[in-house]
A.B. asks: 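What follows is a single structure, and I will ask about it in a moment.
Just so it is clear: chains get the letters A, B, ... in the order the sequence lines come, proteins before strands, and each one is counted from 1. None of the values given here were measured: they were computed from a predicted structure.
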There are 2 protein chains.
Amino acid sequence: MPSPKRRYDPDRRARILQATLDVVAEHGVAGTTHRRVAAAADVPLGSMTYHFAGMDELLTEAFTLLADQVSGRFTERLAAASTLDDACEAVVDLIVDESWATPRNMLLSYELYAYAARNPPLRGVMQAWMEKSRAALRQHFTAETAKVLDAVIEGLSIHRSVDAHPATREEVRAIVRRLV
Amino acid sequence: MPSPKRRYDPDRRARILQATLDVVAEHGVAGTTHRRVAAAADVPLGSMTYHFAGMDELLTEAFTLLADQVSGRFTERLAAASTLDDACEAVVDLIVDESWATPRNMLLSYELYAYAARNPPLRGVMQAWMEKSRAALRQHFTAETAKVLDAVIEGLSIHRSVDAHPATREEVRAIVRRLV
DNA sequence: AGCTGTTATGTACATATGTACACAACAGCC
DNA sequence: GGCTGTTGTGTACATATGTACATAACAGCT
């Protein structure tokens, strides 16, 4: 039995996962199929069942990747702030910045919430995500304030994505200021 | 041409819509099929296409019904409050009360958010829902506070549904007090 | 009763979908 | 070169699904 060298290409796997998120963003979990993902990732259909045991595994891993990416950027943005004022501004950014609370990210979050409700492993992922966000906030605020801010970020982001006339940056800033 | 008397039974239609929500709650939009809904409503498959032009119409009407029911109860709960203290307690109830922020309601909300993102008519429904909630809050609080409370209710409800150790009623009360 | 238009149902069918699996391609080693 | 075990693909197939539609059931009317 020579050197095992189990070397299946992680690149392809990663590309499929990324494509899965693209497809979910465009068609929803309901419209996500092996074929569509394969087309989006530009891999043959056979690759799907080769790399992933089934639809569940595919979606679970894709959503886990999403949580990692998003919470990573969340933490980065907050870590970049040094003063309390900076931290407040970072929070405002996380709510109103078009490059963060993008329609795509919001959409994927909704799909994740819905999917995780019926998928125990993903519930764990979401709990970890939430805890990581709070930890990032705790670098600048008290534990209590961190919890409230976390909830407000969530709620305002959602409402802004629905509202026909979303709150302006100044309004959001006023709300954040009021909370700290 | 005698009296038109178009009398097709609205009962059956309503029952199908209710069953649709049940099926969505149990299997998600992704797992909702005409056959499953028909079985849940105890009607023949043919009734599906007879009463609803297609899956889209079915889901759109079902989610619209959900929004009406939920926002109705939201408004009722707040209208029952007479003093400011009562109003605060009502808000706390809306967040922590097991009969309101039920797993089922949260789950259906997530599915609705995700679905509405790709369904323009439902976006209007959601905007109306949000506006109605804010109006109910404005009976007791200023417009600004109403907006924040609305967002906090949303965010805290979601986080409570994810959190392994959700905030207690007292903690939530403290947060609400802090905001008004 | 018979006639007529509306309401409702069972069923058939084209298509989409998840998944398995027989094979191909290929790297490493002799 | 040939041999071998692993990695990757094209394809076939059973099943699930949306939807149409030919009838049935029935209410109202004469």
A.B. asks: Looking at the side chain of B/Pro44, which of C/dG10, C/dG18, C/dA8 is the nearest nucleotide?
C.D. replies: C/dG10

A.B. asks: A/Leu78 and side-chain contact (heavy atoms from CB on, under 4.5 Å): which single residue from A/Asp86, A/Leu94, A/Asp93 fits?
C.D. replies: A/Leu94

A.B. asks: Whole-Å distance between C/dT9 P and B/Tyr50 OH?
C.D. replies: 9 Å

A.B. asks: Just how far, in rounded Å, is P of D/dA16 from NE2 of B/His27?
C.D. replies: 14 Å

A.B. asks: When you measure from the side chain of B/Thr33, which nucleotide among D/dG8, D/dT17, D/dT19 comes out closest?
C.D. replies: D/dT17

A.B. asks: May I have the distance from A/Met48 (atom CE) to D/dG10 (atom C1'), rounded to whole angstrom?
C.D. replies: 14 Å

A.B. asks: Roughly how far, to the nearest 0.5 Å, is the CG atom of A/Leu59 from the CG atom of A/Leu66?
C.D. replies: 11.5 Å

A.B. asks: Can you check the A/Asp42 CG to D/dT9 P distance for me, whole Å?
C.D. replies: 11 Å

A.B. asks: Under 4.0 Å between a side-chain N/O of A/Ser47 and OP1 or OP2 of D/dT9, yes or no?
C.D. replies: yes

A.B. asks: D/dG18 P sits how many Å from B/Leu45 CG, rounded?
C.D. replies: 9 Å

A.B. asks: Given atom NE2 of A/His34 and atom P of C/dT17, what is their separation to the nearest angstrom?
C.D. replies: 11 Å

A.B. asks: Using the side-chain heavy atoms of B/Thr49, tell me which of these nucleotides is nearest: D/dA20, D/dG18, C/dT19.
C.D. replies: D/dA20

A.B. asks: Restricting to ring-ring contact (aromatic ring centres under 6.0 Å, His included), what partner residues turn up for A/Tyr113, sequence neighbours left out?
C.D. replies: B/Tyr110

A.B. asks: Restricting to ring-ring contact (aromatic ring centres under 6.0 Å, His included), what partner residues turn up for B/Tyr115, sequence neighbours left out?
C.D. replies: B/Phe63

A.B. asks: Expressed as a whole number of angstroms, how long is the span from A/Glu57:CD to C/dT19:P?
C.D. replies: 11 Å

A.B. asks: Go through C/dG18, D/dG18, D/dG8 for me and flag the one nearest to the A/His51 side chain.
C.D. replies: D/dG8

A.B. asks: Considering only NZ, NE, NH1 and NH2 on the basic side and carboxylate oxygens on the acidic side, decide whether A/Arg118 and B/Glu26 come within less than 4.0 Å.
C.D. replies: no

A.B. asks: Roughly how many Å is it from CZ in B/Phe52 to C1' in C/dA8, rounded to a whole number?
C.D. replies: 14 Å

A.B. asks: Just how large is the angle between the end axes of the helix from C/dA1-D/dT30 to C/dC30-D/dG1, five pairs per end, to 10 degrees?
C.D. replies: 10°

A.B. asks: Would you say A/Phe52 and A/Glu61 make side-chain contact, with heavy atoms under 4.5 Å?
C.D. replies: yes

A.B. asks: State plainly whether the residues A/Glu154 and B/Arg160 are in salt-bridge range, i.e. N to O under 4.0 Å.
C.D. replies: no

A.B. asks: Distance check: side-chain N/O of B/Arg12 vs OP1/OP2 of C/dT9, anything under 4.0 Å?
C.D. replies: yes

A.B. asks: Tell me if the side-chain of B/Arg35 makes a donor-acceptor pair with the base of D/dG18, cut-off 3.5 Å, by modelled atom types.
C.D. replies: yes

